[in-house]
Amino acid sequence: MVEEPLLVLRGHPGVGPDVEGEAWVCQDNFSARYDLDRRTGTFSRRSHACYGQSLVGRVCFFNGAKGGVSTSWALLDMKSRGVAPAALVFRLTNPVMVQGAVLADIPLLDRLSPDPLDTVHTGDYVRLRPREGLVEILRRGAGT
Amino acid sequence: MRLTREEESMLAGAEGEAVRLALEQQIKVGDFFGAEDFVPVASAHVHSEMETSGEAGLAFLEKIAALGAKVRVPTTSNPRSVDFAHWRQVGQEERHVELERRLVAAFARLGVQVVDTCINYQSITPPRFGQHLAWGDTGTVAFANSVAGARSNFEAGPAALTAALTGRVPRYGYHLPEQRLGTVLVEVHDQPQDKADWGALGCVVGREVGDYWQVPVFDGIESEPSVDDLKQLGASLASYGSLPMFHLVGVTPEARTREEAFGGREPARRLVLEPGALEAAYRSYLPESDKVELVVFSAPQLSLDELKNLAVGLEGKNVHPEVKLLATTNYANYGLAERLGYVKAVEDAGGTVLAGVCFYLMTPNELREKYGYRSLVTNSAKLANIISGYGYVPVLRPTAVCLWAAVEGRLPW
């Protein structure tokens, strides 16, 4: 039986396969080079809002994409070593992030309505359906 | 996306598996950004080295090379993580160097010109106005779009490679005239002088704007910027703000006037840089102590002029015995700088000039752990931004301060 979502966020078609998991929401921007220790998938930039936390296996929500071209290779490399995020959702992303997600086959969505950073909270259980451009909140987490 | 007959046939595998895979990936990206069709590109510039590509990236490149694929437009490479002539001196691991050699071999099989430079626009393959490109390294894209008036999105390593194999890119973003118009007016009342100031300017505006789809327009700059100044500005904007294009009124070709830069529209946003704004950017990088361990001139690689200035700045001086001074450039400039005596001058003073690399690619985590580095002093705003992700405490300072710090072994502020 398919679970009925509590709330549906709609956008344009994204990339990558469908995925379900616990949401992890970060109000900051993201770059795999600038912010991460890519060997472990842990945020290593002291000024980042998520410093010290890990994105491994998480359905990550960020504000925007930042920085240079290296995030693309980094996503493939992290996936091959088992330290990649399960999925990436942005308010607004950039080409590098999409190019990298396509290569690594990691689901990615952006430009959703309502705004994911206002409506999704860390710990919520979500389903991403990139082909349809949908993020569905299935269950609220303990913190919501 | 709308495909031509040739593209349909590529997608059906008529031109081999590598081309089919490449076009398939490009269509996914093009669909994501609403591209209607493809546009042919004049050249590709590919970022891939072992620090970021990792063994998975190497395996991908070797797989594509083994399929017998060849690039179909002139294709150059961005810097490497290893200077093959200096890696022992730098202190890098032999295993890593061997993997980098394999990556170079894969590139060569694909027909890539392995020039290892992030200043291709300055010394190898200058772009021309209106040319569509598939360039990686964000600094090269910022320069090509802004200073040359060529047209490129950020094409990350794998994306630039796919473009090299198919000879085209999805037409969206900065390939479209309307995306190239200014959106944010930056009124500059704090005049950049040293080239590090131009990086600091990019730092202030990049942090503030921080959105790939916005285009800042700088107005009020009184000096005549050099190509090196604009290279610093572009690299810094791209690094701090993920910005692939800027206009400088009266200087860059699509901004002869403020009106032209904005295409007759009103700016969506206005920033005013009051006197002291650049100083504040420097002051945002506070050292933990005044002790200096590592001074780096890199990111982007140095031009011949910058190498000369470094040589002159170190004339009759010695780098402090407890300080390591590194400068990076490309092979072309290294050869010329050797000929002109600049490399020897830097080495005589106790510094090191490296070729074909950029510091932040040179396995900085491993070097930090091996030598116990904590801080890094640099005149490159881009390097200061990137290197904090590798656990360094960066200190951005004007060029003269960096040189003084290298010689004295301490920071004046």
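Convention: sequence-line order gives letters A, B, ...; per-chain numbering from 1. None of these values were measured; they are calculated from a predicted model.
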Which atoms of B/L361 approach chain A - backbone, side chain, both or neither, heavy atom under 4.5 Å:
side chain
Distance only, no hydrogens: is a donor on one side chain within 3.5 Å (strictly under) of an acceptor on the other, for B/T76 and B/H45?
yes
Indicate yes or no for a side-chain donor-acceptor contact from A/R45 to the backbone of B/S388 under 3.5 Å, with no hydrogens or angles considered.
no
Could you tell me which portion of B/E155 (side chain, backbone, both or neither) has an atom closer than 4.5 angstrom to a non-hydrogen atom of chain A?
both
Heavy-atom distance under 4.5 Å to chain B: side chain of A/N63, backbone, both or neither?
neither
Quick check: do B/M1 and B/E36 have side-chain heavy atoms less than 4.5 Å from each other?
no
Is there a donor in the side chain of B/N145 and an acceptor in the side chain of B/R151, or the other way round, less than 3.5 Å apart?
no
Mind checking which of residues 92-107 of chain A sit less than 4.5 Å from chain B, heavy atom to heavy atom?
A/L92, A/T93, A/N94, A/P95, A/V96, A/V98, A/Q99, A/V102, A/L103
Heavy-atom cut-off 4.5 Å, strictly under: side chain, backbone, both or neither for B/N385 against chain A?
both
Please tabulate, for the side chains in residues 14-27 of chain A, all donor-acceptor contacts under 3.5 angstrom to protein atoms that are two or more places apart in sequence or on a different chain.
from	atom 1	to	atom 2	distance (Å)
A/E20	OE1	A/Y125	OH	3.1
A/W24	NE1	A/Q53	OE1	3.2
A/Q27	NE2	A/L117	O	3.4

Part of B/S48 within contact of chain A (heavy atom distance under 4.5 Å)
both
How about B/F143 and B/Y121: are their ring centres within less than 6.0 Å of each other?
yes
If you check every heavy atom in residues 77-87 of chain A against those of chain B, which residues fall under 4.5 Å?
A/D77, A/S80
Does CD belonging to B/E369 count more than 12 external heavy atoms closer than 6.0 Å?
yes
Measure from the ring center of B/F154 to the ring center of B/Y212 and say whether it is less than 6.0 Å.
yes
Heavy-atom distance under 4.5 Å to chain A: side chain of B/E51, backbone, both or neither?
both
Would you compute the distance between atom OG of B/S239 and atom CG of B/L383 and round it to the nearest 0.5 angstrom?
9.0 Å
Is it true that B/H47 and B/T52 share a donor-acceptor pair across their side chains at a distance under 3.5 Å?
yes
Here the salt bridge (charged side-chain N to carboxylate O under 4.0 Å, His left out) pairs for residues 58-68 of chain A, sequence neighbours left out, are A/D35-A/K66
Consider only side-chain N and O atoms of A/D110 and A/H12, and report whether a donor and an acceptor are under 3.5 Å apart.
yes
Does either side chain, that of B/S380 or that of B/T378, offer a donor lying less than 3.5 Å from an acceptor on the other one?
no
Please look at B/Y174 and chain A and tell me whether the side chain, the backbone, both or neither of the residue comes under 4.5 angstrom of a heavy atom of that chain.
neither
Using a cut-off of under 4.5 Å for heavy-atom pairs, which of B/V141, B/I387, B/V29, B/D211 has the most such pairs with chain A?
B/V29
